[in-house]
Engineer: 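Submitted below is the structure of interest, expressed as structure tokens.
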Amino acid sequence: MTATTKKGGIPVWRDMGVTPNPAREDDAEVVIVGGGPVGLTLALDLGRRGRRVLVLNKRDIIAAGSKAICFSKRTLDIWNRLGVGKAMVEKGVVWNVGKVFWGAQDEPVYSFDMLPVKHQQMPGFINLQQYHAEEILIEAVMALPNVTLRWGHEVTEIAQSAESARLTVRSDEGAYCIDTPWVAACDGSTSPLRHMLGLDFEGRIFEDNFLIADIRLKQDRPAERWFWFDPPFNPGQSALLHKQPDDVWRLDFQLGWNIDREACIKPENVAPYVRGMLGEDVEFEPEWYSVYTFQCRRMARFVHSRVIFAGDSAHLVSPFGARGCNGGVADADNLGWKLDLILRGEAPEDLLESYNDEAIATADENILNSSRSTDFLTPKSETSTALRNAVLELSETHAFARPFVNSGRLSTAVSYPHSQLNTDDGLQGGIAPGSVALDAPVDHGWLLDHLGQGDFVLLSADGSVPQIEGLRNLIVADLGDSEGLVAQRYAMEPGAAYLIRPDQYIAARWHQPSAHQIRAALRRAKGLHV
């Protein structure tokens, strides 16, 4: 199925014969409000688990324009578990290398590799326009008979009881109400649901503006992230260059605070920036121009009775580091399996407190890194400017200074060492509880693929560990580890085992576990009293 495109690069699903279902009372176990990457990822996860899901999207289009383009390895691992990772990589531009330039110098002062641990299935990053990612997710979701997508359906009211939520929905077919046990608010930074519940963000708004220029041109440049501090084409400010699919390039220019936003996006005013970066004789076509001001803020809590917030509706970060959409996909990954267990009656509802805690931990780490990046990019005093410039100067010749160069610490998986779902062990080496599982090649494919599509897994070195009913056992000796990378990365000695959550986070590990230890760790990971 392929979307048609109207002027402005906006795929319109009505042109494809896809119309919203007629208004009616529904039996959806989860209603997801918002059809962006976060809501669609959650719908795909829950749908593949057999849950009855309804997605309501206010718009009846997928909007083109300046949205997310950088998707991290962790997001790609999540999407790969959901069956869409390979399609994302095939359509996207793969990159692992970033370079940082300073002033008029042609050589970078610092380079970094986003995939320092090699021999993994997914790359460190891909660049892919958000609307392409949404198209891939929509195709996968629409293939599930238990998931319904409704375009042009807007939630106008919400009421909650102890057992359910009632949504009032407006559409071209008329208004109607839906009762559902759970609502996932994935409705973006301006989140109408958040406002309906009288909730708000806490945090910081940065006083700076940035110009995004998505342009179309054919140039033979490497698929790398290039960042400039104080370049001659934007003196005293910063700039960023990314390659996207279909000969589209993203250029990002720092503008400062007191600007005329409308004037800044006029083609005649954007062109000098583009030509300054890429050359006076460059031939290009404008794709999308916009100016943005960013925030680093979040809600105090993400779980509010029957309504659970995820993605931009729950937290906002600056775009430097690609932490916004990637953090939202992490929310969906964390939430899906927990809602599934609750709906199956295998976990108590207060398991959602672990979502609240872990998603807030992710948001706080992203906000911390984004704030630090922004402060480094946009120093607001002579002292901080001098410190930044000293770091850049030292990084040219001294390796110790290079890790302090902060052009946007890029998104990586966040660990939860203090999660209530972990079983403490005190072991050394390998991967600690609360950390995400690490991929490795095995003789029959890739380890993360074998971990499966969202079950609890007991990964063991050999067949000597106890077999627990209801827990899928995966034995490294059976998979084949001829390169020895699983044994190395997991410190896998004979008799060792890991309990891995459905979102592929480590819940527990042992040298030689007993059946009692495994059962107790499984109960703890499901939020049950041990």
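Atom set for the values below is all heavy atoms of this structure, side chains included, hydrogens, waters and symmetry mates excluded.
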Engineer: Using modelled atom types only, decide if a donor and an acceptor are shared between the side chain of Glu29 and the backbone of Arg52 within a distance under 3.5 Å.
Structural biologist: yes
Engineer: I'd like to know if Glu358 pairs up with Lys338 as an ion pair, taking the criterion as any Lys NZ or Arg NE/NH1/NH2 lying under 4.0 Å from an Asp or Glu carboxylate oxygen.
Structural biologist: yes
Engineer: Could you walk me through whether Glu349 and Arg306 satisfy the salt bridge (Lys or Arg N to Asp or Glu O under 4.0 Å) test, starting with their C-alpha distance in whole Å, then the side-chain angles of each, then the deciding distance to 0.1 Å, before giving a yes or no?
Structural biologist: CA-CA 10 Å; Glu349 290 185 358; Arg306 317 309 293 186; 3.1 Å; yes
Engineer: Please test Ile138 against Ile62 for side chain to side chain contact (heavy atoms under 4.5 Å, CB included), starting from the C-alpha separation and ending with a verdict.
Structural biologist: CA-CA 10 Å; Ile138 287 167; Ile62 298 177; 3.3 Å; yes
Engineer: Under the 3.5 angstrom rule, does the side chain of Glu346 hit a backbone N or O of Leu341 as a donor-acceptor pair?
Structural biologist: no
Engineer: Quick one: are Ser313 and Leu193 in side-chain contact, heavy atoms under 4.5 Å?
Structural biologist: no
Engineer: What verdict does the side chain to side chain contact (heavy atoms under 4.5 Å, CB included) test give for Asp357 and Tyr416, after you've listed the backbone C-alpha separation in whole Å, the side-chain angles of each residue and the deciding distance to 0.1 Å?
Structural biologist: CA-CA 9 Å; Asp357 294 345; Tyr416 313 126; over 6 Å; no
Engineer: Just grab all the side chain to side chain donor-acceptor pair (under 3.5 Å) pairs involving residues 116-127, residues at least two apart or on different chains.
Structural biologist: Lys73-Gln120, Asn80-Gln121, Trp95-Asn127, Asp113-Lys118, Asn127-His242
Engineer: Quick one: are Tyr505 and Asn422 in side-chain contact, heavy atoms under 4.5 Å?
Structural biologist: no
Engineer: Mind listing the closest non-hydrogen atom pair of Asn146 and Gly47 along with its distance?
Structural biologist: ND2-O, 2.9 Å
Engineer: Please enumerate all residues that pass side-chain hydrogen bond (donor to acceptor under 3.5 Å, both in side chains) together with Ser435, with sequence neighbours excluded.
Structural biologist: Ser415
Engineer: Grab the two heavy atoms, one from Pro245 and one from Val93, that are nearest each other, plus how far apart they are.
Structural biologist: N-CG2, 3.6 Å
Engineer: Just checking, any donor-acceptor pair under 3.5 angstrom between side chains of Thr75 and Asn326?
Structural biologist: yes
Engineer: How about Lys526 and Phe456: do any of their side-chain heavy atoms sit closer than 4.5 Å?
Structural biologist: yes
Engineer: Looking at OG of Ser164 and CH2 of Trp182, how far apart are the two atoms once the value is rounded to the nearest 0.5 Å?
Structural biologist: 10.5 Å
Engineer: Using 4.0 Å as the upper bound for N to carboxylate O, is an ion pair formed by Arg59 and Glu134?
Structural biologist: no
Engineer: Hey, could you give me the CH2/OG1 distance between Trp510 and Thr423, rounded to the nearest 0.5 Å?
Structural biologist: 6.5 Å
Engineer: Apply side chain to side chain contact (heavy atoms under 4.5 Å, CB included) to the pair Met122 and Trp446, showing each step before the final yes or no.
Structural biologist: CA-CA 10 Å; Met122 292 288 112; Trp446 295 94; over 6 Å; no
Engineer: Output yes when a side-chain donor or acceptor of Thr156 lies under 3.5 Å from a complementary backbone atom of Thr168, and no otherwise.
Structural biologist: yes
Engineer: How far does CZ of Arg298 sit from CG of Leu316, to the nearest 0.5 angstrom?
Structural biologist: 12.5 Å
Engineer: Determine whether His153 and Tyr176 make a side-chain contact, defined as any pair of heavy atoms from C-beta on separated by less than 4.5 Å.
Structural biologist: yes
Engineer: For the residue pair Arg51 and Arg344, establish whether any side-chain heavy-atom pair is separated by less than 4.5 Å.
Structural biologist: yes
Engineer: Side-chain contact test, heavy atoms from C-beta onward, threshold under 4.5 Å: evaluate it for Arg489 versus Val117 and give yes or no.
Structural biologist: yes
Engineer: Treating Ser191 as the side-chain partner and Asp187 as the backbone partner, does any N or O pair qualify as donor plus acceptor under 3.5 Å?
Structural biologist: no
Engineer: Verify, without hydrogens or angle tests, whether His444 (side chain) and Gly480 (backbone) share a donor-acceptor contact under 3.5 angstrom.
Structural biologist: no
Engineer: Between Gln504 and Asp77, is there a side-chain donor-acceptor contact under 3.5 Å, judged purely by atom types and distance?
Structural biologist: no
Engineer: Regarding Arg194 and the six-membered ring of Phe201, is the cationic atom NZ or CZ under 6.0 Å from the ring centre and inside 45° of its axis?
Structural biologist: yes
Engineer: Got a second to check how far Leu40's CG is from Trp79's CH2, nearest 0.5 Å?
Structural biologist: 9.5 Å
Engineer: Does the Asn96 side chain pair with the main chain of Gly124, one donor and one acceptor, at a distance under 3.5 Å?
Structural biologist: yes
Engineer: Which heavy atom of Ala43 sits nearest to which heavy atom of Val147, and what is that distance?
Structural biologist: O-CG2, 4.0 Å
Engineer: Which heavy atom of Gly35 sits nearest a heavy atom of Asn57, and at what distance?
Structural biologist: N-OD1, 2.7 Å
Engineer: Nearest heavy-atom pair of Leu471 and Val457: which atoms, and what distance?
Structural biologist: CD1-N, 3.9 Å
Engineer: Looking at Asp350, is its backbone amide N or carbonyl O close enough to the side chain of Glu353 to form a donor-acceptor pair, meaning the two atoms are under 3.5 Å apart?
Structural biologist: no
Engineer: Working to the nearest 0.5 angstrom, can you tell me the gap between Asn334 CG and Ser354 OG?
Structural biologist: 6.5 Å
Engineer: Should the pair Asp45-Arg81 be classified as a salt bridge under the 4.0 Å nitrogen-to-oxygen rule?
Structural biologist: yes
Engineer: Test your reading of the model: is there a side-chain donor-acceptor pair from Arg509 to the backbone of Ala496, 3.5 Å cut-off?
Structural biologist: no
Engineer: Check the pair Asp333, Arg74 against side chain to side chain contact (heavy atoms under 4.5 Å, CB included), reporting the backbone distance first and the verdict last.
Structural biologist: CA-CA 10 Å; Asp333 183 53; Arg74 175 60 186 151; 2.7 Å; yes
Engineer: So, applying side chain to side chain contact (heavy atoms under 4.5 Å, CB included) with Leu474, which one of Asp455, Leu459, Leu458 is it?
Structural biologist: Leu459
Engineer: Of the non-hydrogen atoms in Gln512 and Pro494, which two are nearest, and what is the gap between them?
Structural biologist: NE2-O, 4.2 Å
Engineer: Is any NZ, NE, NH1 or NH2 atom of the basic residue among Glu469 and Arg519 found under 4.0 Å from an Asp or Glu carboxylate oxygen of the other?
Structural biologist: no
Engineer: Given 3.5 Å as the limit, does a donor-acceptor pair link the side chain of Arg166 with the main chain of Ser161, or not?
Structural biologist: no
Engineer: Quick check: do Leu352 and Leu339 have side-chain heavy atoms less than 4.5 Å from each other?
Structural biologist: yes
Engineer: Taking the side chain as C-beta and beyond, is there a heavy-atom pair between Tyr355 and Asp331 under 4.5 Å?
Structural biologist: yes
Engineer: Going from CG on Asp449 to CG on Leu479, what distance comes out if it is rounded to the nearest 0.5 angstrom?
Structural biologist: 11.0 Å
Engineer: Any donor-acceptor pair under 3.5 Å linking the side chain of Gln467 with the backbone of Val465?
Structural biologist: yes
Engineer: Determine the sole option in Leu197, Leu335, Val183, Asn356 for which the side chain to side chain contact (heavy atoms under 4.5 Å, CB included) test with Phe309 is passed.
Structural biologist: Leu197
Engineer: Around atom CD of Glu493, are there more than 12 heavy atoms from other residues, nucleotides or ligands closer than 6.0 Å?
Structural biologist: no
